[in-house]
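Data block below; observations after.
Quick caveat: nothing in here was measured; it's all calculated off a predicted structure.
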Amino acid sequence: MAGKRKNNPAGSTNNYRGDVLRVLGALKVATADQIQRIGAPHLTHRHADKETPSKRKQARTASHTGALSDMRKHGLSENGGSTDTGETLRNLTLKGLEAASYEMQRPITEMGSTARGAGSSGASHPMSVNETVIAMLRPKPNMARLADDLPEVRAAAQADVDTPAGVGTIASYWTEVPLPATGTWNAPGKGGAQADVVLTAPQDGMPLLFIEVDNCHETPEELAAKLEKYARFFRRKVKDTDGKERPMWRTRWTVPEGRYGDAPHPPVLLVFNRIGERNSNRTVPRLMELTRHLWQGERQRDHHLYDGRIPIIATGLKNLSEHGPTGPVFLRFGRDHMQPLREAIGNARREAADTRAREETARAQKEHQAKVQRAAQEQAAKKAAEREARRPVCADCGAKFTDERWEAAQATDWGTPKDSHPQLCDGCKQKAGAVVSPAADTQERQEPVRGEAGPDDFWNTPQRPVCTECGAAFTDERWKATARVGWNHSPAKRPSLCGDCDRRFESDLEQTWGVDHRQEQRDQEQDQAAPKQKATGWFSRLRG
């Protein structure tokens with residue numbers, strides 16, 4: 001404990017010193033009161049029971065005042081004058097900026113200056129900038145740090161927690177950021193602007209927002225000139241690391257690409273603090289006219305396109321502190337009603353038009369799909385009706401064939417039926433099979449199987465032939481004797497007659513004409529087998 005007191009005589013802790021580094025690293029210059037309201041808002045409720053406002057402020061800022069004292073001893077911070085109300089201003093040294101860059105995980109080149117001497121004139125503008133950041137942040141007390149406090153303290157803190165949230169964290173804000181129209185980021189040239197605040201909070205739907213704070217000292221013409229410098233900076237393009245030209249601001253901040261034909265520049269928020277002699281209610285209308293070419297969009301049928309335009313929004317610091325960024329206290333140039341900040345920056349009519357277009361496209365696609373489905377159903381019904389019209393009917397009972405019976409009764413590829421009763425349904429076929437005689441059944445079982453006559457035989461019909469003379473069915477021997485072999489004709493002379501009729505035909509032929517057919521056949525065979533004699537005489541000599 002003695003070592004701690006020696007290093008940090010004021011008894012500060014790492015948490016409170018971290019608050020100082022983060023707040024001063026972002027704001028450059030601030031009071032202990034502002035540091036406490038941003039870094040530890042729960043202390044505001046813990047010391048609300050003090051008698052006077054000064055005692056309450058002294059009690060709630062004591063921890064950060066001690067941290068500032070210890071950091072001043074270590075050369076990290078210093079006093080930078082005082083405000084118009086007598087509060088001491090605090091800022092970081094170069095060593096403190098380096099420590100803050102580690103605390104905020106921000107490059108030292110982006111930490112800015114030390115703001116030394118900002119309090120020589122009261123720092124009215126930096127104080128307004130700080131109040132704007134606090135109004136945008138709306139810091140919420142950590143209820144875990146109030147676990148041991150009185151119920152009324154916790155109730156007051158919970159009421160503060162339940163109010164609409166702000167945008168981002170203190171690490172989301174940069175102050176006094178140069179916007180070079182010429183030169184570089186670290187060495188900006190003439191003609192550029194310097195943003196009072198730059199907010200990057202994509203996690204809260206605010207990827208990039210530039211904030212300008214006016215204490216109502218500047219004329220509309222002076223503000224218009226500053227916005228012209230913003231426009232010059234937004235239009236400036238440089239080569240990126242991939243060799244392609246891009247807007248310079250995109251090389252530092254990441255923002256989603258705009259839609260084709262509607263890619264506006266980043267928005268600019270004007271915050272008016274009524275401490276000067278000018279009335280913002282008269283300044284804003286005049287400023288609208290002077291900057292119309294910067295913000296006016298291209299009118300479409302039911303919305304506007306803001307390609308290459310700057311969304312400019314105006315509000316008052318008092319309304320912003322009271323309602324926060326979610327309150328309807330923001331007026332976008334070109335509109336006639338107040339909106340919350342996110343709606344004022346956006347293009348609600350374009351989003352609604354896009355939604356309607358998507359719904360119309362989805363409806364058209366749905367109707368087309370329904371039409372295609374109906375056409376397919378009608379085509380399927382037509383084919384089914386045509387198929388049903390072709391469905392066979394039983395020749396006996398007149399009943400329509402089932403699908404299975406229809407398939408079984410269809411002819412083979414050679415045009416021959418593969419069913420014994422292709423014209424009958426299943427029931428009638430079974431009845432027809434039951435009345436077949438045993439002799440016919442035996443004869444049917446004795447029919448030869450294809451291939452019995454040899455592998456080269458070609459049976460021209462699977463059914464047993466019938467004699468054209470007597471009508472009797474061929475025997476197995478006669479069927480084989482008259483069958484065609486291969487692609488040749490049948491070897492039998494009368495393949496259409498059964499064996500009995502063929503023999504009867506031979507007998508009648510011998511009796512009628514006295515011709516022995518068998519002898520005639522043997523003679524023909526001998527004539528075919530006898531070799532032809534060689535020609536002689538003068539004819540053969542002529543051939544020689």
Side-chain angles (χ1 to χ4, degrees), residues 372-509 517 521:
V372 172
Q373 187 175 5
R374 287 195 302 269
Q377 292 174 351
E378 292 174 0
Q379 184 68 15
K382 182 179 179 180
K383 290 183 178 180
E386 293 175 353
R387 185 175 185 274
E388 193 64 25
R390 298 194 307 269
R391 184 181 296 275
V393 178
C394 179
D396 191 2
C397 66
K400 289 186 176 182
F401 279 23
T402 62
D403 290 343
E404 294 77 8
R405 179 56 185 159
W406 191 0
E407 177 67 22
Q410 287 181 353
T412 61
D413 294 339
W414 293 96
T416 56
K418 58 183 179 181
D419 191 84
S420 60
H421 299 79
Q423 303 299 327
L424 300 180
C425 64
D426 285 329
C428 295
K429 175 185 175 182
Q430 293 176 0
K431 293 178 182 178
V435 299
V436 175
S437 63
D441 185 58
T442 303
Q443 183 179 1
E444 183 177 358
R445 287 198 303 271
Q446 291 177 354
E447 291 183 1
V449 181
R450 285 191 183 219
E452 285 185 356
D456 296 331
D457 289 351
F458 180 81
W459 299 86
N460 59 350
T461 174
Q463 294 181 348
R464 183 180 295 275
V466 179
C467 180
T468 58
E469 183 70 21
C470 65
F474 280 25
T475 62
D476 291 345
E477 293 77 8
R478 183 58 180 169
W479 191 0
K480 293 180 181 179
T482 59
R484 296 171 57 184
V485 178
W487 296 98
N488 300 322
H489 294 288
S490 172
K493 286 197 172 186
R494 288 170 288 277
S496 61
L497 300 180
C498 64
D500 295 337
C501 292
D502 184 58
R503 287 189 293 272
R504 191 179 302 112
F505 184 85
E506 288 288 343
S507 175
D508 292 342
L509 185 62
H517 179 68
Q521 184 176 3

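Counting only heavy atoms from C-beta outward, the side chains of Gln373 and Gln377 approach each other to under 4.5 Å. Inter-residue side-chain proximity for Glu407 and Glu404 is flagged as unmet; no heavy-atom pair is nearer than 4.5 Å.
At a threshold of 4.0 Å, the pair Arg391-Glu388 counts as salt-bridged, since one of the basic side-chain nitrogens sits closer than that to a carboxylate oxygen.
Once rounded to the nearest 0.5 Å, the distance linking SG of Cys425 with NZ of Lys400 reads 14.0 Å. Atom CZ of Arg504 is separated from atom CD of Glu469 by 7.5 Å, given to the nearest 0.5 angstrom. Put simply, CD on Gln430 and NE2 on His421 are 11.5 Å apart, with the number rounded to the nearest 0.5 Å.
Residues Arg387 and Asp403 come closest through the heavy atom pair NH1-OD1, 3.4 Å. Considering all non-hydrogen atoms of both residues, Phe474 and Thr482 come closest at CE2-OG1, 3.6 Å. Residues Leu424 and Asp396 approach most closely at CD2-CB, 3.8 Å, considering heavy atoms. Contact record, Cys467 with Cys498: SG-N, 3.3 Å, taken as the closest heavy-atom pair.
The backbone N or O of Leu497 lies less than 3.5 Å from a partner atom in the side chain of Arg478, making a donor-acceptor pair.
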